[in-house]
There are 2 protein chains.
Amino acid sequence: MPDISDRGKSMPESPIRKLVPYAEAAKARGLEVYHLNIGQPDIESPKIALDKIRNLSDKVIEYSHSAGNESYRRGLADYYHSVGIEVSYEQILVTTAGSEAIIFGLMSCLNPGDEVIIPEPFYTNYNGFATMSGVKVTPITAQIDDGFSLPNIDEFEKAINVRTKAIMLCNPNNPTGYLYSQDELESLRELVIKHDLYLFADEVYREFCYDGKEHFSAMNLKDLDEHVVLIDSVSKRYSMCGARVGTIVSRNKKLMSTVLKYAQARLSPPSFGQIAAEAALATPASYFSEVREEYLIRRDLVVETLNKMEGVFCPNPSGAFYVIARLPIDDCDKFCQWLLEDFSHEGKTVMMAPASGFYATEGLGKNEVRIAYVLNTDSLRLAMEALEVALKEYPGRTN
Amino acid sequence: MPDISDRGKSMPESPIRKLVPYAEAAKARGLEVYHLNIGQPDIESPKIALDKIRNLSDKVIEYSHSAGNESYRRGLADYYHSVGIEVSYEQILVTTAGSEAIIFGLMSCLNPGDEVIIPEPFYTNYNGFATMSGVKVTPITAQIDDGFSLPNIDEFEKAINVRTKAIMLCNPNNPTGYLYSQDELESLRELVIKHDLYLFADEVYREFCYDGKEHFSAMNLKDLDEHVVLIDSVSKRYSMCGARVGTIVSRNKKLMSTVLKYAQARLSPPSFGQIAAEAALATPASYFSEVREEYLIRRDLVVETLNKMEGVFCPNPSGAFYVIARLPIDDCDKFCQWLLEDFSHEGKTVMMAPASGFYATEGLGKNEVRIAYVLNTDSLRLAMEALEVALKEYPGRTN
């Protein structure tokens, strides 16, 4: 019997999905489980996008252009202009969601054995993409007590070596919700120029900024045209996670022609998803203001409720729809499993993502969880209530 | 300015797409170009699949399960049963088209530096997937005079070394159209067991077999459950290339749980495409018999016409919708470009794929082209007429 590859063995298992069997068992026992564990919003996809799919007149579902339909890319250039990012359609390549954009970007810019610096906690699947491309992730730890702001630039400087080729930043951040400021990005800009690095900017949560703060895109950093690689997706923007449509954007011509070779090998991004995504470009501004308003109410509810619980600390981030909270617990993996296996409050329990999985440094985040506020306020209120009771009952409570 | 990665530089450019600018220029000059260069069929997708999409009632386009919707996988297990392949839905993982199935398969089974043996000529994008996964392709040359049947098993034996981990076979074959017999597969079976290799079977053209011959799946080779990795896709079966829905199938549990880790990293395959593909499972048998009948007429027309041309030889393959023909020309790349740049016959010309791009061995296939018979018979007749005239006028004609 032939063996699995070493690389296959070293592929990380999703720390969130490890809990799925426990959640399924809980449901089988009749419990209601509040899913605060993944970024699957309950928000409706724009009607204009779904209507387009419903009115499809095509008779053959053909390959699209490997870089994505030109009409969609031109529409995307207009969209980027509307959010203050000036790019032409040739600087945009449509990918199978943000995931493929990251894989193509990493493979185009980094060789196996090269390193990418990422502030931790970070989106766990970056680990999987790094393993797939043979790239090493060097984490720089952000602090919950600083609200997960950008770590001191000296920390980055110290981590850079001859194999370092890129810095990756998710802004607004998943899993922390932190919105990086222009000043923070400017400090990275200097570093990137000094060491001639790529700057990967994952900005899929761009539309979700609160407290009157505006998103500053890495694409608007001066003289960084050759360095910045924008990762984007329609998954969160239009609540169309299943469409699997993303983009990789760069003004670096050589990079984009390299990315195109990867895109050609897999022929084309999904046609149905592209049709829906192109139609979604006409989504009225009111859609986003309503969604933002809804998320803001949810964030305030979650953050306020959490901070009122004894021994709990939760920063109040200005972006995305996640928070990371510090809980008075011994081990978040145990706690999250216990919530599903051994706990219930009035027939209900909560599923959250253990934050340990978002740190690359072993041992960090053990008393933290990520909460995605992707449920309506009634559910969130009940979920927070259950969590408060759970923290009192949990045998591994630390204070 | 940061440099592109070496791996990015070594990504192969699609030999077919190199001709696209010439085709576009020809069209701009008012020429009609018959596209025999790519496997984009003109056949309509099943109405039942498109109707399902048109009647979509979902309000949120959510992630699906990382392995694909369970209902679709159960439906696929029934489909495989209907074509004589017995697998359970747990042995099936839905991918973003056959491309992703190959990438996940290669990365799960082979380490960077490992080797996969593939009979040449082969589907060019295998080169891209090999580069992405750092795997070396070892070609074994099939002969046009033998109709591109499986090369002698001794040739495989000689090519096997300590880094060899797999053999990959596309059956029916793209680009040759050759349908491998059960005997040929049995000879590979022995080799695979002897050297404990994986056998990747790309069977996306399963439905397209002619001359009363039946497809024999590698999944039905005895005692090879741990070795065989089936690559499949709805692209050709239902003429839904743009849906980007494929599958990787294996009875090897360890392999499938490894593949799932790759699948989880990219979250899920396309939701719209899966919905269409699941509906397409109910496509009536008459659809396939009609499509087969149409392709058979086209194949006969193309093969007969080609073999009547002076100095031309074209085997008569029993599968897929491609043929490779040997032409009396000096260089197929030059010839195919000349057809688009310098030739026309009654306002028409032909675009074909130079076969050189399907051989990994430098210098082979220089007087061969691949023709995809994906146009109606009227167009094919006119295309063949133009080709015959072209061969007489081409300055690089060799005899």
Side-chain angles (χ1 to χ4, degrees), chain A residues 1-2 4-8 11-14 17 40 42-45 50 53-54 56 59-64 96-97 99-100 107-112 125 128-129 132 134 165 196-198 226-227 239-244 254-255 258 261-262 264-273 276, chain B residues 1-2 4-8 11-14 17 40 42-45 50 53-54 56 59-64 96-97 99-100 107-112 125 128-129 132 134 165 196-198 226-227 239-244 254-255 258 261-262 264-273 276:
Chain A
M1 172 174 165
I4 297 300
S5 67
D6 296 333
R7 124 172 85 189
M11 263 301 280
E13 260 194 283
S14 164
R17 291 184 192 256
Q40 170 59 63
D42 61 332
I43 304 289
E44 289 188 9
S45 312
L50 297 178
I53 289 290
R54 293 188 189 111
L56 204 68
K59 299 205 158 182
V60 190
I61 303 306
E62 298 191 0
Y63 291 121
S64 72
T96 305
S99 304
E100 191 182 66
M107 288 194 172
S108 297
C109 299
L110 283 78
N111 280 316
N125 286 325
F129 305 142
M132 287 176 77
K165 293 284 152 49
D196 206 17
L197 306 175
Y198 286 103
E226 305 295 334
H227 303 260
S239 193
M240 298 204 303
C241 297
R244 312 315 290 140
K254 219 165 154 184
L255 172 59
T258 304
K261 292 193 287 180
Y262 288 94
Q264 287 178 340
R266 62 68 163 127
L267 301 171
S268 75
S271 293
F272 291 119
Chain B
M1 172 174 167
I4 297 302
S5 68
D6 295 335
R7 125 173 83 190
M11 265 300 280
E13 260 193 283
S14 164
R17 290 183 193 255
Q40 169 59 63
D42 61 332
I43 303 289
E44 288 186 10
S45 312
L50 296 179
I53 288 290
R54 293 188 189 111
L56 204 68
K59 299 207 159 181
V60 190
I61 303 307
E62 297 190 0
Y63 291 122
S64 73
T96 305
S99 304
E100 191 182 64
M107 288 194 173
S108 297
C109 299
L110 283 78
N111 280 317
N125 285 326
F129 305 142
M132 286 176 76
K165 293 285 152 47
D196 206 18
L197 306 176
Y198 286 103
E226 305 295 334
H227 303 260
S239 194
M240 298 204 301
C241 297
R244 312 315 291 141
K254 218 165 153 184
L255 172 59
T258 304
K261 293 194 285 181
Y262 288 95
Q264 286 178 341
R266 61 71 162 126
L267 301 171
S268 76
S271 294
F272 290 121

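A, B, ... follow the sequence lines: proteins, then strands. Residue 1 opens every chain.
- Both the backbone and the side chain of B/Ile53 come within less than 4.5 Å of a heavy atom of chain A.
- Contact count against chain A (heavy-atom pairs under 4.5 Å) is highest for B/Asn111 among B/Asn111, B/Leu197, B/Leu267.
- If you measure heavy-atom distances from B/Ser271 to chain A, the contacts under 4.5 Å come from both the backbone and the side chain.
- When the candidates B/Glu226, B/Met132, B/Arg54 are compared by the number of heavy-atom contacts under 4.5 Å with chain A, B/Arg54 comes out ahead.
- Between A/Ala276 and B/Phe272 the shortest heavy-atom distance is CB-CE1, 3.9 Å.
- Comparing B/Lys165, B/Glu62, B/Met240 by heavy-atom pairs within less than 4.5 Å of chain A, the highest count is held by B/Glu62.
- Only the backbone of B/Ile43 comes within contact range of chain A, judged by heavy atoms closer than 4.5 Å.
- Counting heavy-atom pairs closer than 4.5 Å to chain B, the top-ranked of the candidates A/Gly8, A/Cys241, A/Ser64 is A/Cys241.
- Both the backbone and the side chain of B/Ser268 come within less than 4.5 Å of a heavy atom of chain A.
- One finds the CG atom of B/Leu50 at 7.0 Å from the CG atom of A/Leu56 (value rounded to the nearest 0.5 Å).
- Nearest heavy atom pair, residue A/Pro2 against residue B/Asp196, reads N-OD1, 3.1 Å.
- Between chain A and the residues B/Asp42, B/Leu255, B/Leu110, B/Thr96, the largest count of heavy-atom pairs under 4.5 Å involves B/Leu110.
- Neither the backbone nor the side chain of B/Ala97 comes within less than 4.5 Å of any heavy atom in chain A.
- Only the side chain of B/Arg244 comes within contact range of chain A, judged by heavy atoms closer than 4.5 Å.
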If you apply the rule side chain to side chain contact (heavy atoms under 4.5 Å, CB included), what do you find for B/Asn125 with A/Arg266, and how did you get there? CA-CA 8 Å; B/Asn125 285 326; A/Arg266 62 68 163 127; over 6 Å; no

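- Heavy-atom minimum distance, B/Met107 versus B/Tyr262: O-OH, 3.2 Å.
- Only the side chain of B/Thr258 comes within less than 4.5 Å of a heavy atom of chain A; its backbone N, CA, C and O stay farther away.
- Within the 4.5 angstrom heavy-atom criterion, only backbone atoms of B/Pro269 (N, CA, C, O) approach chain A.
- Highest contact tally toward chain B, considering only A/Glu44, A/Glu100, A/Glu13, A/Met1, is held by A/Met1 [criterion: heavy-atom pairs under 4.5 Å].
- With respect to chain A, the highest number of heavy-atom pairs below 4.5 Å among B/Ser108, B/Ser99, B/Gly134 belongs to B/Ser108.
- Put simply, of A/Ala265, A/Gly273, A/Pro270, A/Ser14, the one with the most heavy-atom pairs under 4.5 Å next to chain B is A/Ala265.
- With rounding to the nearest 0.5 angstrom, the CD1 atom of B/Ile61 is 13.5 Å from the OH atom of B/Tyr63.
- Rounding to the nearest 0.5 Å places CD1 of B/Ile4 at 5.5 Å from SG of A/Cys109.
- The choice from A/Ala243, A/Ser45, A/Gly128 that makes the most heavy-atom pairs within less than 4.5 Å of chain B is A/Ser45.
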